[in-house]
Amino acid sequence: QVQLVESGGGLVQAGGSLRLSCAISGRIFRINVMSWYRQAPGKQRELVATIGRSGSTNYGDSVKGRFTISRDNAKNLVYLQMNNLKPEDTANYFCNALGTPAPWGTDVGYWGQGTQVTVSS
């Protein structure tokens, strides 16, 4: 089974930084798109950032200029560098991998369990 494990969350003061990591393991032929999502209590899960295999990135409007997503294709790792954190960034952060289980298969989405980020004022 493919497994995604996030790490790096914690409690930080506003203006601080954190770097989240997501490790993907298990049998998967190719990981195409990696993403970070977040969900705060009472709110919908929102897309934070995505990165393709070529390194192309997209960011949610609320994090542009502050967050940076990166990936290591060889190690199946995805990172989210979060700078100038704000209380509004407080949420459970989830990584997602969109990949192909086999050369003949269609893409499948995989989710991690999440890591909590709390930003204090």
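Just so it is clear, the values below take in all heavy atoms, side chains as well, and ignore hydrogens, waters and symmetry mates.
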One should read off an interatomic distance between Thr57 OG1 and Ile51 CD1, to the nearest 0.5 angstrom, of 6.5 Å
Quiz item: Do Gln39 and Glu46 have side-chain heavy atoms sitting under 4.5 Å apart?
Solution: no
Output, in order, the C-alpha distance, side-chain angles, deciding distance and verdict of side chain to side chain contact (heavy atoms under 4.5 Å, CB included) for Tyr93 and Gln116. CA-CA 6 Å; Tyr93 284 71; Gln116 180 67 36; over 6 Å; no
Could you go through Val12 and Thr118, starting from their C-alpha distance and side-chain angles, then the distance that decides it, and tell me whether this counts as side chain to side chain contact (heavy atoms under 4.5 Å, CB included)?
CA-CA 6 Å; Val12 297; Thr118 302; over 6 Å; no
Under 3.5 Å donor-acceptor, Gln3 side chain and Ser25 backbone: no
| said: With clusters defined by side-chain heavy atoms of hydrophobic residues (ILVMFWY) lying less than 4.5 Å apart, directly or transitively, does Leu80 cluster with Leu11? | reply: no
Are any of the side-chain heavy atoms of Val48 and Tyr59 separated by less than 4.5 Å? no
Residues Ser17 and Gln81: closest non-hydrogen pair is CB-NE2, 4.0 Å
Are Val108 and Ile28 grouped together when hydrophobic residues (ILVMFWY) are joined by side-chain heavy atoms under 4.5 angstrom apart? yes
Would you say the ring centers of Tyr37 and Trp111 fall short of 6.0 Å from each other? yes
- Does Asn58 use its side chain to pair, donor to acceptor, with the backbone of Ala49 at less than 3.5 Å? no
Does the pair Lys86/Asp89 count as a salt bridge with the N-to-O cut at 4.0 Å?
no
Would you mind reporting whether Thr115 and Leu20 have side-chain heavy atoms less than 4.5 Å apart?
yes
request  = Decide yes or no for Phe67 and Asn84: does some side-chain heavy atom of the first lie under 4.5 Å from some side-chain heavy atom of the second?
outcome  = no
Residues Thr50 and Ser35: closest non-hydrogen pair is CG2-OG, 3.0 Å
Short side-chain donor-acceptor distance under 3.5 Å, Arg19 and Ser7: no
* Are Pro87 and Gln13 close enough that some pair of their side-chain heavy atoms sits under 4.5 Å apart? -> no
Point to revise | ILVMFWY cluster, Val117 and Phe94 together (side-chain gap under 4.5 Å) | key: no
Here the pair of heavy atoms bringing Ala14 nearest to Ser121 is CB-CA, 4.4 Å
Test item: Arg30 and Arg53 side chains (from C-beta on) under 4.5 Å apart, heavy atoms:
yes
CG of Leu98 to CE of Met34, rounded to nearest 0.5 Å, is 10.5 Å
On a heavy-atom basis, the closest approach of Ile31 and Ala97 is CG2-CB, 4.1 Å
For Pro101 and Thr106, the nearest pair of non-hydrogen atoms, with its separation, is CD-O, 3.3 Å
Heavy atoms of Val2 and Arg27 approach each other most closely as CG2-O, 3.2 Å
In sequence, state the C-alpha distance, the side-chain angles, and the governing distance for Ile69 and Val78, and then conclude on side chain to side chain contact (heavy atoms under 4.5 Å, CB included).
CA-CA 7 Å; Ile69 188 172; Val78 60; 3.9 Å; yes
Quiz item: Is the charged tip of Arg71 near the ring of Tyr79: under 6.0 Å from the six-membered ring centre and within 45° of its axis?
Solution: no
For this session: Examine distances only and state if a side-chain atom of Asn32 and a backbone atom of Gly99 form a donor-acceptor pair shorter than 3.5 Å.
Result: no
| Should we say atom CD of Gln113 is surrounded by more than 12 heavy atoms from elsewhere, each under 6.0 Å from it? | no
d(Cys22 SG, Glu6 CD) to nearest 0.5 Å is 5.0 Å
